[in-house]
Colleague: 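Got a structure for you, written out below as structure tokens; questions coming shortly.
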4 protein chains.
Amino acid sequence: MSWNGFGRVFRFSTWGESHGVAIGALVDGCPPGLALSETDIQAYLDRRRPGASRFTSQRREPDQVRILSGTFEGRTTGSPISLIIDNVDQRSKDYEPGAYRPGHADYVYDAKYGLRDWRGGGRSSARETAARVAAGAVARLVIPEVAIRAYVVELGGDAIDRAEFDDARIDTNPFFCPDVAAAERWALKVDAARKAGSSLGAVVECVATGVPAGWGAPVYAKLDGELASAMMSINAVKGVEVGDGFGASRLRGEENADEMRVGPDGAPQFLSNHAGGVAGGISTGQPIVVRVAFKPTSSILTPVRTIDRAGAETEIVTKGRHDPCVGIRGAPVVEAMMALVVADQKLLHRAQCG
Amino acid sequence: MSWNGFGRVFRFSTWGESHGVAIGALVDGCPPGLALSETDIQAYLDRRRPGASRFTSQRREPDQVRILSGTFEGRTTGSPISLIIDNVDQRSKDYEPGAYRPGHADYVYDAKYGLRDWRGGGRSSARETAARVAAGAVARLVIPEVAIRAYVVELGGDAIDRAEFDDARIDTNPFFCPDVAAAERWALKVDAARKAGSSLGAVVECVATGVPAGWGAPVYAKLDGELASAMMSINAVKGVEVGDGFGASRLRGEENADEMRVGPDGAPQFLSNHAGGVAGGISTGQPIVVRVAFKPTSSILTPVRTIDRAGAETEIVTKGRHDPCVGIRGAPVVEAMMALVVADQKLLHRAQCG
Amino acid sequence: MSWNGFGRVFRFSTWGESHGVAIGALVDGCPPGLALSETDIQAYLDRRRPGASRFTSQRREPDQVRILSGTFEGRTTGSPISLIIDNVDQRSKDYEPGAYRPGHADYVYDAKYGLRDWRGGGRSSARETAARVAAGAVARLVIPEVAIRAYVVELGGDAIDRAEFDDARIDTNPFFCPDVAAAERWALKVDAARKAGSSLGAVVECVATGVPAGWGAPVYAKLDGELASAMMSINAVKGVEVGDGFGASRLRGEENADEMRVGPDGAPQFLSNHAGGVAGGISTGQPIVVRVAFKPTSSILTPVRTIDRAGAETEIVTKGRHDPCVGIRGAPVVEAMMALVVADQKLLHRAQCG
Amino acid sequence: MSWNGFGRVFRFSTWGESHGVAIGALVDGCPPGLALSETDIQAYLDRRRPGASRFTSQRREPDQVRILSGTFEGRTTGSPISLIIDNVDQRSKDYEPGAYRPGHADYVYDAKYGLRDWRGGGRSSARETAARVAAGAVARLVIPEVAIRAYVVELGGDAIDRAEFDDARIDTNPFFCPDVAAAERWALKVDAARKAGSSLGAVVECVATGVPAGWGAPVYAKLDGELASAMMSINAVKGVEVGDGFGASRLRGEENADEMRVGPDGAPQFLSNHAGGVAGGISTGQPIVVRVAFKPTSSILTPVRTIDRAGAETEIVTKGRHDPCVGIRGAPVVEAMMALVVADQKLLHRAQCG
């Protein structure tokens with residue numbers, strides 16, 4: 001079943017295909033009275049935009065967003081906010097409907113729907129994530145108390161040195177990398193992969209600070225459960241962990257315990273954050289920490305074996321313009337999904353608890 | 001916001017506290033005409049039941065399920081199926097409302113709700129997962145074509161040897177472990193942890209075979225997105241990955257590609273399953289593979305620093321009866337959540353695609 | 001598709017069959033800290049209970065409710081509230097699976113599900129409405145500022161005299177009738193219908209006062225839209241109108257306009273309430289007024305022509321114990337549904353607007 | 001809470017304000033492979049379009065729809081279908097933000113949101129219903145077995161003569177009136193009302209034939225419950241009834257019984273349709289019959305008393321271009337909502353029952 005909406009009270013839906021006329025997002029449930037202009041959204045879209053460096057897709061999309069509804073005199077009205085981004089640099093001739101590209105949704109779309117829009121991957125293209133980023137920009141307005149930051153912590157298996165973490169450097173290199181030395185190594189790695197017609201994976205980490213204790217749900221719409229589904233819904237994502245994540249499974253109980261003391265301000269203070277800011281599905285007041293694993297881009301120039309729609313065996317080389325490491329531009333998308341989940345949970349919390 | 005339901009058309013809700021009179025599950029949207037008796041459900045509950053070995057909690061709960069509605073003459077009617085399990089071995093005096101147990105939801109419940117049922121963790125207890133297992137047993141009836149199997153692949157950082165994987169051994173040891181030698185090592189590890197008043201984490205893997213290509217959703221209610229949220233909603237889970245998961249982020253594009261050929265039966269055949277049976281949110285027809293990281297049990301006898309409701313600093317030793325490794329009994333719960341997600345997606349698929 | 005839940009953030013589900021072991025309701029999303037005991041709920045169930053007068057079904061059900069979860073020390077915890085009511089006076093031998101009772105759901109259940117629980121109507125019995133009344137009692141706690149009152153304004157085509165409306169009399173006669181003289185006429189009418197093996201319809205009106213201006217939604221989850229669906233979901237209901245309803249369609253624009261002035265307290269004041277307290281889907285601050293049409297009870301002793309499961313023509317006389325006018329006991333159910341909708345909208349409003 | 005979506009598996013959302021740049025609908029969950037072009041949708045929009053006769057608003061909107069996503073080579077792909085209709089004939093200077101127009105949502109929007117788009121009513125304008133009609137045109141493709149027809153049966157309190165009902169005449173007069181003589185009377189009535197600066201109400205009836213027995217839900221998402229909420233969500237609607245509706249409350253049980261016989265084709269046959277094609281929330285296989293009451297247009301030239309945002313008493317005459325009887329153009333909207341509900345229920349039915 002096609003399901004293009006996300007969220008429970010702060011909700012959004014996205015639409016559009018990679019090579020259609022436009023893509024868009026529809027945001028519903030947004031509180032009224034928030035100052036919102038296209039500029040607020042554009043800043044986030046620009047961070048995700050392709051073609052900004054040689055390490056991302058060379059498709060030239062200005063990703064210019066227009067607000068079609070839901071604001072009046074520069075403020076949200078509480079009515080649905082319709083956002084549209086025109087597609088301008090489609091190049092459909094690079095694609096052909098024939099053979100299934102391994103790692104892509106080509107085969108499963110045919111299996112599910114009996115037909116598909118094969119131009120640039122159609123609906124399954126990562127181009128859809130631009131609409132998420134646009135919706136996420138609106139979500140951020142709902143949670144001004146929260147700061148959200150995503151960055152790449154590992155690329156092609158090469159991790160950053162946590163001792164060299166410098167928040168100020170994240171936006172000064174094309175990898176959203178907080179470790180300058182790692183960014184330099186990655187430039188070489190990505191260049192090499194691109195030249196070899198290959199691709200690389202990455203791990204993105206995202207931290208939300210300022211979420212007070214008490215947002216979330218105790219059983220099924222847990223804050224971490226929602227984040228897991230939000231992140232796993234991003235193209236190319238294969239894993240999600242919160243706090244110490246898989247690492248926590250290797251700790252002993254006393255090592256993993258986030259002990260508590262009274263802080264200098266008299267408020268409860270945690271002495272560690274193995275939990276990643278979520279306990280029992282509810283925020284603890286500590287930073288919310290999520291890590292997201294992106295597989296290597298499936299579109300590669302290395303020939304791989306496949307079959308075509310008619311069932312004949314063949315080989316395929318994926319033309320078109322692609323990111324050699326889709327995880328890089330995943331960072332702004334991960335941020336957007338974090339904002340969308342947290343905004344929804346904020347509104348849900350005040351629904352139940354006032 | 002309390003959210004105790006899960007699913008889109010095959011839906012279930014659970015209710016009940018650890019030390020309340022009973023817990024239960026309400027299953028809605030189940031197809032009619034399926035043979036269902038309490039025995040069908042009991043078999044799964046028995047696998048999860050505490051007290052079955054010295055490696056799990058010593059709370060003695062028969063976990064006897066009763067079907068209160070939704071069946072007639074041994075078949076489902078299409079009406080909601082109400083399942084109830086009485087609590088019989090509560091021992092609330094082991095608990096006290098005072099100090100927050102680190103790693104537990106105590107502090108966040110108070111922060112969210114301003115009050116909580118502290119007896120045995122109340123609603124945040126893993127006892128809730130018995131209700132999931134009961135609901136999951138119903139879900140399995142909806143997908144007779146699918147076989148689901150979960151087992152522990154790593155305990156306290158000690159992984160199984162994949163070469164020794166023997167499906168037949170999973171149910172012959174108290175660890176749901178497919179590697180006999182590992183199970184023997186784990187017995188020593190868990191005993192030692194228990195005696196030390198400590199606890200261990202684990203990684204559970206779950207495989208669903210028989211899901212045809214085409215189930216799932218392309219964007220937000222993706223099969224893997226739903227699985228991620230389902231698994232992350234289980235108590236003590238901190239990470240979820242599909243297929244190669246985080247490992248995929250360290251592969252190159254050509255290594256990660258699941259190449260296709262024509263199988264001996266003329267049907268498409270994949271030469272590998274890095275994707276874990278899901279591409280673009282939709283099943284590929286290969287086994288669906290998920291791995292789930294459980295943190296070490298938060299309830300430990302080792303004293304840890306904490307504060308109490310009044311904000312005073314103190315230490316806590318968690319009494320009560322607990323699993324030294326909550327991940328072990330997590331295996332049947334993971335299976336149940338897999339069944340619940342796949343059943344829902346089956347019905348959703350036929351809703352849209354007939 | 002079976003759909004046994006209602007509500008968006010304050011949600012409830014019901015379960016159970018007329019002649020099953022029990023029926024119940026599961027309430028989710030309830031704010032924490034509300035004083036709730038079984039007594040609070042029982043008072044409402046007692047108003048709906050059968051067998052209280054000769055004008056209702058003679059089935060003897062104590063309708064004793066038990067709270068199985070979601071409260072602690074007499075207060076709601078924010079966790080799901082599981083309510084159960086045992087069935088004690090089933091008499092299934094009065095029923096037989098053979099012929100379809102006209103006006104009942106017998107035929108359509110078979111058409112939909114291929115089988116059904118025919119004992120007392122199974123899931124389609126109005127006995128399900130006891131669970132709504134129980135859930136509605138919880139909803140009332142969420143909206144202490146709102147007073148809700150339902151009463152019968154017409155029975156068998158005989159309407160009350162609005163000039164004789166006396167709120168104090170509603171609970172002093174077996175018809176929830178605010179006009180004493182009408183109640184006396186109705187006693188004769190219902191007795192006559194019962195003796196003739198026939199049945200009568202009724203119109204119930206429900207008024208909610210104290211809802212402030214601003215609750216509701218502007219387009220699809222409108223306050224009146226939710227009320228319409230809530231009321232139409234009650235067994236035997238065939239029509240719903242808000243404010244002047246169908247009568248409004250016969251007014252001219254200037255007659256229907258609810259003019260506004262400044263009230264003595266300086267607040268906006270409406271000079272009439274043709275709108276029934278809802279404009280554009282949002283409460284105006286005036287009383288919310290809904291009228292609900294109940295068809296005559298379908299279970300009658302007068303023989304009617306029908307067919308049986310095998311497709312053979314036959315006649316049927318409906319035995320069992322039935323209300324000669326199901327609309328009478330509909331009044332407490334209508335009240336409950338009003339409370340459930342308004343509570344949900346209150347929480348939704350504060351989710352979006354703080 | 002703003003809620004701009006409707007439906008459970010076949011879902012749609014609408015967006016846009018009366019005087020914004022455009023309005024639109026987003027349809028999700030549509031089955032793949034259905035032939036769909038803008039022409040299919042345009043035909044329905046043209047029936048609702050303003051300015052087609054002197055009896056409707058003189059706003060000149062071509063209501064030209066564009067499909068922005070979700071189709072490929074003339075067929076639906078299963079992906080979301082984004083529909084957009086540009087606004088071209090706004091005349092905002094006719095409006096002013098000052099005084100609240102009685103009967104409109106002006107006051108409640110301010111009460112709810114603290115601000116509103118007052119140009120032409122903003123989001124609360126009936127212009128939104130064009131988006132429903134567009135979505136409804138897609139829904140019709142999902143249910144080719146169903147024929148849906150709405151028409152006006154009463155205008156300004158003047159009902160049609162059922163004996164003169166002629167389906168062929170519905171589209172030959174500007175009132176969607178099946179009784180030619182009534183249409184002639186209505187022309188005079190509407191002209192008179194318009195000249196007097198007044199307005200009239202109407203009752204629209206809608207019949208869906210071809211729905212097989214078994215679609216719908218037994219308790220809360222009943223077919224009639226969904227229809228009630230769908231219809232009540234249309235601007236200016238104040239009442240909904242199914243089958244005999246309020247009239248059924250005045251019948252005796254034996255009069256209201258839809259007796260059954262075996263039809264000439266051996267299939268079950270009903271001898272009447274008091275139920276309006278729905279029993280217990282599920283379709284009976286008979287025509288589904290709904291009647292919808294529209295209040296008189298609130299925008300009138302007759303001065304009425306009101307207050308302004310500052311709380312000062314004043315009078316208002318509503319300028320702008322308006323329908324003297326909004327119920328007339330309500331007919332195509334009612335049809336659309338019927339199609340949207342029935343399509344959703346068809347998919348839900350096959351989800352649960354295959």
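Note on naming: letters A, B, ... go to the chains in the order of the sequence lines (proteins, then strands), and numbering restarts at 1 for each one. Every value quoted in this text rests on a predicted model; they were computed, and no experiment measured them.
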Colleague: Heavy-atom pairs under 4.5 Å with chain A - which of B/Ser229, B/Gly280, B/Ala236, B/Ala105 has more of them than the others?
Modeller: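 Max contact count across the listed options: B/Ser229.
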
Colleague: Centroid separation under 6.0 Å, is that true for the rings of B/Phe294 and A/Phe246?
Modeller: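 When the ring centroids of A/Phe246 and B/Phe294 are compared, they turn out to be at least 6.0 Å apart.
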
Colleague: Answer with side chain, backbone, both or neither: which region of A/Thr314 has an atom nearer than 4.5 Å to a non-hydrogen atom of chain B?
Modeller: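 Contact with chain B involves the backbone of A/Thr314 alone.
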
Colleague: For the OG atom of A/Ser298 and the CG atom of B/Asp258, what is their distance to the nearest 0.5 Å?
Modeller: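 Spacing of OG (A/Ser298) from CG (B/Asp258) equals 9.0 Å.
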
Colleague: If you count heavy-atom pairs under 4.5 Å between each of A/Gly197, A/Gly285, A/Ala279, A/Cys325 and chain B, which one has the most?
Modeller: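 Option with the greatest count: A/Ala279.
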
Colleague: Can you tell me how far the CE atom of A/Met231 sits from the CG atom of B/Asp224, to the nearest 0.5 Å?
Modeller: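 Spacing of CE (A/Met231) from CG (B/Asp224) equals 14.5 Å.
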
Colleague: So for B/Thr284, is it side chain, backbone, both, or neither that comes closer than 4.5 Å to the heavy atoms of chain A?
Modeller: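 Its backbone and side chain both get close to chain A.
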
Colleague: Among B/Pro324, B/Ala293, B/Gly243, which residue has the highest count of heavy-atom pairs closer than 4.5 Å to chain A?
Modeller: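 Among the listed options, the one with the most contacts to chain A is B/Ala293.
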
Colleague: Side chain to side chain contact (heavy atoms under 4.5 Å, CB included) between B/Met232 and A/Val242: does it pass, once the steps are laid out?
Modeller: CA-CA 9 Å; B/Met232 196 66 96; A/Val242 176; 3.7 Å; yes

Colleague: Quick check for you: among A/Ala248, A/Ala99, A/Gly247, which has the greatest number of heavy-atom pairs under 4.5 Å with chain B?
Modeller: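 Option with the top pair count is A/Ala248.
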
Colleague: How close do A/Ile307 and B/Pro268 get, heavy atom to heavy atom, and via which atoms?
Modeller: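 Scanning both residues completely, I find the closest heavy atoms to be CD1-CB, 3.5 Å.
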
Colleague: Can you tell which of A/Ser299, A/Ala217, A/Gly327 has the highest number of heavy-atom pairs within less than 4.5 Å of chain B?
Modeller: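 Max contact count across the listed options: A/Ala217.
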
Colleague: What part of B/Gln269 gets within 4.5 angstrom of chain A, counting heavy atoms only: side chain, backbone, both, or neither?
Modeller: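 No part of it gets close to chain A.
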
Colleague: Once ring pair (Phe, Tyr, Trp, His ring centres under 6.0 Å) is applied, do any residues pair with A/Tyr100, and if so which ones, sequence neighbours excluded?
Modeller: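 Here the qualifying residues are A/Tyr107.
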
Colleague: Using non-hydrogen atoms and a 4.5 Å limit, figure out which bit of B/Ser283 sits close to chain A: side chain, backbone, both or neither.
Modeller: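 Contact with chain A: backbone only.
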
Colleague: Heavy-atom cut-off 4.5 Å, strictly under: side chain, backbone, both or neither for B/Ala275 against chain A?
Modeller: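 Its backbone and side chain both get close to chain A.
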
Colleague: Picking from B/Ala111, B/Pro218, B/Ala351, which has the most non-hydrogen pairs under 4.5 angstrom with chain A?
Modeller: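 Most heavy-atom pairs within the cutoff with chain A belong to B/Pro218.
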
Colleague: Under a 4.5 Å heavy-atom cut-off, does chain A meet the side chain of B/Ala196, its backbone, both or neither?
Modeller: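 Side chain only.
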
Colleague: Do A/Glu128 and B/Tyr220 make a side-chain contact, defined as non-hydrogen atoms from C-beta onward lying under 4.5 Å apart?
Modeller: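 Yes, their side chains come closer than 4.5 Å.
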
Colleague: Which one wins on heavy-atom pair count under 4.5 Å against chain B: A/Ala257, A/Gly103, A/Cys353, A/Ser124?
Modeller: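 Highest number of pairs under 4.5 Å: A/Cys353.
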
Colleague: Check the pair A/Arg132, B/Val219 against side chain to side chain contact (heavy atoms under 4.5 Å, CB included), reporting the backbone distance first and the verdict last.
Modeller: CA-CA 11 Å; A/Arg132 301 176 186 232; B/Val219 185; 3.8 Å; yes

Colleague: Go through A/Gly157, A/Ala267, A/Ser233 and name the one with the most non-hydrogen pairs under 4.5 angstrom from chain B.
Modeller: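 Of the options given, most contacts go to A/Ser233.
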
Colleague: Do the side chains of A/Lys238 and B/Ser249 get nearer than 4.5 Å, heavy atoms only?
Modeller: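 The answer is no; the side chains never approach within 4.5 Å.
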
Colleague: Would you say B/Glu154 and A/Arg250 make side-chain contact, with heavy atoms under 4.5 Å?
Modeller: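 With C-beta onward as the side chain, the pair touches.
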
Colleague: In terms of heavy-atom pairs under 4.5 Å with chain B, which of A/Arg261, A/Arg291, A/His349, A/Gln345 leads?
Modeller: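 Highest number of pairs under 4.5 Å: A/Arg261.
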
Colleague: For the residue pair B/Arg8 and A/Met1, establish whether any side-chain heavy-atom pair is separated by less than 4.5 Å.
Modeller: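 The answer is no, as the side chains (C-beta and beyond) never meet within the 4.5 Å cut-off.
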
Colleague: Pick whichever of B/Asp106, B/Val9, B/Asp110, B/Leu251 has the most heavy-atom pairs under 4.5 Å with chain A.
Modeller: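 With the most close heavy-atom pairs to chain A, the winner is B/Leu251.
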
Colleague: Who are the ring pair (Phe, Tyr, Trp, His ring centres under 6.0 Å) partners of A/Tyr113, not counting sequence neighbours?
Modeller: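 For A/Tyr113, the residues satisfying ring pair (Phe, Tyr, Trp, His ring centres under 6.0 Å) (neighbours in sequence not counted) are A/Tyr109.
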
Colleague: With respect to chain A, which residue among B/Val240, B/Thr302, B/Asn256 yields the maximal number of heavy-atom pairs within a distance under 4.5 Å?
Modeller: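 When all of B/Val240, B/Thr302, B/Asn256 are compared, B/Val240 has the most.
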
Colleague: For residues B/Arg252 and A/Leu200, determine if any side-chain heavy atom of one lies less than 4.5 Å from a side-chain heavy atom of the other.
Modeller: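 In short, these two side chains touch, coming nearer than 4.5 Å.
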
Colleague: What part of A/Asn4 is in contact with chain B, defined as an atom under 4.5 angstrom from a non-hydrogen atom: side chain, backbone, both or neither?
Modeller: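 When you check distances to chain B, atoms from both the backbone and side chain of A/Asn4 fall under 4.5 Å.
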
Colleague: Of the backbone (N, CA, C, O) and the side chain (C-beta and beyond), which part of A/Ser198 lies under 4.5 Å from a heavy atom of chain B, both, or neither?
Modeller: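 The answer is both parts of A/Ser198.
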
Colleague: Which of the residues B/Val304, B/Val108, B/Ile316 is involved in the greatest number of heavy-atom pairs with chain A at under 4.5 angstrom?
Modeller: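 Of B/Val304, B/Val108, B/Ile316, B/Val108 has the most heavy-atom pairs under 4.5 Å with chain A.
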
Colleague: Are any side-chain N or O atoms of B/Glu259 and backbone N or O atoms of A/Pro102, one a donor and one an acceptor, separated by less than 3.5 Å?
Modeller: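 Flag not set: sc B/Glu259 to bb A/Pro102 has no pair under 3.5 Å.
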
Colleague: When you measure from the side chain of A/Lys112 to the backbone of B/Ala213, do you find a donor-acceptor pair of N or O atoms at a distance under 3.5 Å?
Modeller: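 Between the backbone of B/Ala213 and the side chain of A/Lys112 there is no qualifying donor-acceptor contact (under 3.5 Å).
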
Colleague: For B/Lys295, is it the side chain, the backbone, both, or neither that has a heavy atom closer than 4.5 Å to a heavy atom of chain A?
Modeller: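 Contact with chain A involves both backbone and side-chain atoms of B/Lys295.
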
Colleague: With a 4.5 Å limit on heavy-atom distance, are the side chains of B/Leu271 and A/Arg305 in contact?
Modeller: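 Heavy-atom side-chain distance check passes, below 4.5 Å.
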
Colleague: With side chains defined as the heavy atoms from C-beta onward, is the minimum distance between B/Glu254 and A/Ile300 less than 4.5 Å?
Modeller: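 Yes; the side chains approach each other to less than 4.5 Å.
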
